[in-house]
Amino acid sequence: MSKLLQAIRGMNDILPEQSPLWRYFEGAVASLLDGYGYRQIRMPIVEATELFKRSIGEVTDIVEKEMYTFDDRNGDSLTLRPEGTASCVRAVLEHGISNNGQVQKLWYIGPMFRHERPQKGRYRQFHQIGVEVFNLAGPDIDAELIVLTWRLWGLLGIRNAVTLELNSLGTSEARATYRDALVQYLAARSESLDEDSKRRLKSNPLRILDSKVPETQALLIDAPKLADYLDEESRVHFDGLKARLDAAGIPYVINPKLVRGLDYYSKTVFEWLTDQLGAQGTVCAGGRYDGLVEQMGGKPTAGVGFAMGIERLILLLETLQQVPEEISRQVDVYLCALGEAAELAGLKLAERLRDQLPGLRLQVNAGAGNFKSQLKKADKSGALFALVVGEDELAQQVIGFKPLRGQGEQQNIAWSELSQHLAACLQQA
Ligand code: ATP
Ligand code: MG
C-alpha cells in the first residue's frame with residue numbers, strides 16, 4: 001500500500017464540524033461591514049513578488065524570511081500573498097477606482113501565506129478579513145474602524161477578553177528625525193544589542209523597539225521616545241482619534257512601543273490583543289498608511305486599514321465558549337422512506353416541501369436501510385423531526401411525523417397539510 005499523503009505543515013483543513021463556526025463568524029463580519037457601508041473586493045492569491053517587496057518593505061520579517069516565492073513556468077517571480085493590503089492597493093491603482101480623491105471603503109477575506117513556525121494561533125496558511133479605506137485622511141475614519149471592530153467583539157461576545165493598544169508613528173518626516181535620534185542613541189551602546197537589533201540598526205531601526213530580547217528592552221528604557229518627536233499634524237490627528245474613542249466609550253491603552261511589523265504605516269497604529277490565547281495574542285491589527293499608494297506609483301492618497309486573524313478569533317470564541325448552540329444543527333428534518341414506491345413519493349414530497357418552505361434544511365435518507373436504521377440516522381443527523389413514509393402511509397396519503405427531541409408523540413399528517421404543520425412546528429422549536 002502506498003503512503004498516505006498529508007497536508008503541508010502549517011496548512012490546515014477546516015473540517016465539516018468546524019465550518020459552521022467559520023460561516024457564523026464570516027457572516028457576522030460581512031453583515032457588520034455591510035452595515036457600515038464597506039464593499040467587498042476579491043483579489044488574486046498570487047501576485048508578482050515585486051509587489052510585496054515594494055509595499056511591505058525589503059527588510060521586514062515577512063519579505064526577508066516568510067514569503068512563499070517561486071518562479072512560474074515563464075520564469076516570473078511570483079509570491080503567495082502574505083497579507084492583503086498590498087494587493088488591495090495594487091487593485092485600486094490598476095482600476096483607477098480611487099483617482100481624483102474618490103473615497104473607497106473596501107473589505108476582503110481569504111487565505112494568506114507566511115513561512116513561520118507553526119504553533120497554536122500561528123499557521124503557514126491562515127485567513128484574514130481585512131478592511132482598507134482610501135482618500136479619507138482624518139481621525140474620524142480611524143475611529144470608525146475601531147468602533148466597528150468594537151461592535152463586532154460585542155456581537156460575538158468577546159468584548160471583555162480583548163484590549164485595544166494604540167500608538168502614533170507620526171509622519172514619515174517626523175519618523176525620520178526620530179529614527180536618527182534613536183540610531184545615535186543605540187549606536188553608542190551597540191555592544192549591548194542583540195544580533196538582530198544590530199542588523200536592524202542599519203536597515204530598520206524602529207523595529208528594535210518591539211524586540212523581545214531583555215537586554216535590548218533594558219537599553220530602550222532611556223532611549224529617545226517617538227512621542228516626543230511627533231509632528232504637530234500627527235499629534236492633532238492622534239488627539240482627534242482619542243477624543244472619538246472616548247466619546248464612543250471604547251477603552252484603550254497607549255503603547256509607545258507599538259510600531260507594527262510592516263514598513264508602510266504612518267500616524268495611527270493599533271492592535272486588539274487578548275490574553276486568552278497564549279503567545280499569539282493579537283487578533284486584529286492595523287493602522288494608517290498615507291504614503292503607501294504614492295510609494296506604489298499612484299498619486300498621494302490617504303489610506304487606513306486593519307486585518308483580523310480568523311483562526312485566532314475562532315479559537316477565542318471556542319475558548320470563551322461563545323459558540324452559539326444553534327449553528328451546529330445543520331438539519332431540521334430527516335425523511336425516511338421504506339420501499340421503492342415510498343421512496344418515490346418521499347422524493348416528490350421532499351421537493352414540494354423545499355418549494356414551499358425556502359431555507360428548510362431537509363435531509364432525505366439515502367442508501368435505503370430498514371426503519372430502525374433510518375431513524376437512527378435521523379437522530380444522529382441532529383434533526384428535530386423525522387418524516388416517515390412506508391406502504392401504509394403511502395396508501396393513506398399521509399406521513400408519519402415524529403418529533404425526535406421529545407416534543408410529543410408521532411402522528412400522521414395528511415400530505416396536503418404537511419408544509420403548514422411542519423412550518424408551525426419548526427417555529428415553536
Ligand atoms: P504577529 O505579531 O502575531 O506575528 P503580525 O503583526 O505579523 O502578527 P499582521 O500582519 O498585522 O500580523 O496580520 C494581522 C492579523 O493576522 C494578526 O493580528 C493575526 O491575528 C493574524 N495573523 C498574522 N500572522 C498569522 C499567522 N501566521 N497565523 C495566524 N494568524 C496570523
Ligand atoms: Mg508576524
Side-chain angles (χ1 to χ4, degrees), residues 7-14 18 22 25-26 29 51-52 55-57 59-68 79-89 107-132 145-146 149 152-153 156 158 161-167 169 196 200 204 206-207 209-212 255 257-266 268-289 292 303-319:
I8 306 301
R9 193 165 123 78
M11 305 201 179
N12 301 314
D13 297 308
I14 295 152
Q18 279 272 300
W22 279 69
F25 175 80
E26 292 164 355
V29 183
L51 174 68
F52 303 112
S55 58
I56 298 171
V59 284
T60 52
D61 282 351
I62 293 181
V63 172
E64 277 185 334
K65 37 189 198 207
E66 295 175 358
M67 293 205 304
Y68 281 89
T79 293
L80 300 184
R81 64 180 182 197
E83 54 108 53
T85 304
S87 308
C88 193
V89 168
W107 71 277
Y108 55 83
I109 179 170
M112 306 293 160
F113 302 83
R114 297 183 195 175
H115 196 274
E116 305 194 75
R117 194 168 68 76
Q119 52 199 290
K120 183 183 174 193
R122 189 175 295 286
Y123 312 100
R124 290 180 173 172
Q125 174 175 330
F126 62 99
H127 298 77
Q128 287 183 339
I129 294 181
V131 174
E132 315 289 352
L145 294 180
I146 291 172
T149 45
L152 179 64
W153 313 145
L156 297 172
I158 58 175
V162 292
T163 51
L164 173 63
E165 292 194 355
L166 281 184
N167 193 20
L169 301 180
D196 250 3
R200 287 191 169 133
N204 194 354
L206 252 56
R207 284 305 305 282
L209 293 181
D210 67 1
S211 161
K212 304 276 181 303
N255 176 359
K257 288 190 179 143
L258 184 66
V259 290
R260 309 279 309 120
L262 314 174
D263 264 3
Y264 52 57
Y265 288 109
S266 58
T268 311
V269 289
F270 66 92
E271 290 193 355
W272 287 99
L273 304 151
T274 179
D275 58 6
Q276 303 284 309
L277 298 179
Q280 272 50 253
T282 310
V283 293
C284 175
R288 182 162 278 284
Y289 48 84
L292 181 60
V304 59
F306 67 78
M308 57 182 102
I310 303 186
E311 281 84 355
R312 291 186 194 175
L313 284 159
I314 297 269
L315 275 169
L316 189 55
L317 289 173
E318 290 172 333
T319 307

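Ligands are counted one by one from 1 in listed order, and the atoms in each one are counted from 1 as well. These numbers come from a predicted model, not from an experiment.
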Checking side-chain hydrogen bond (donor to acceptor under 3.5 Å, both in side chains) against Gln280, which of Glu311, Arg122, Arg312 comes through?
Arg122
Contact (N/O only, under 3.5 Å) between Glu311 and ligand 1
no
Is the closest N or O pair between Gln128 and ligand 1 shorter than 3.5 Å?
yes
Non-hydrogen side-chain atoms of Ile62 and Phe52 separated by less than 4.5 Å
no
Going by heavy atoms in the side chains, are Ile8 and Arg124 under 4.5 Å from each other?
no
Answer side chain, backbone, both or neither: which part of Val283 comes under 4.0 Å from ligand 1, heavy atoms only.
backbone
When every non-hydrogen atom of Lys257 is compared with those of Asn167, the smallest separation belongs to N-ND2, 4.4 Å
Taking all heavy atoms of His127 and all of Gln125, pick out the closest pair and write down the distance.
NE2-NE2, 3.5 Å
Would you check whether [X] reaches within less than 4.0 Å of ligand 1, judged by its heavy atoms?
X	answer
Glu83	no
Glu116	yes
Arg312	yes

Among Phe306, Phe126, Tyr123, closest by any non-hydrogen atom to atom 25 (C) of ligand 1:
Phe126
So the atoms of ligand 1 within less than 4.0 Å of a heavy atom of Thr282 turn out to be 17 (C), 18 (O), 19 (C), 20 (O)
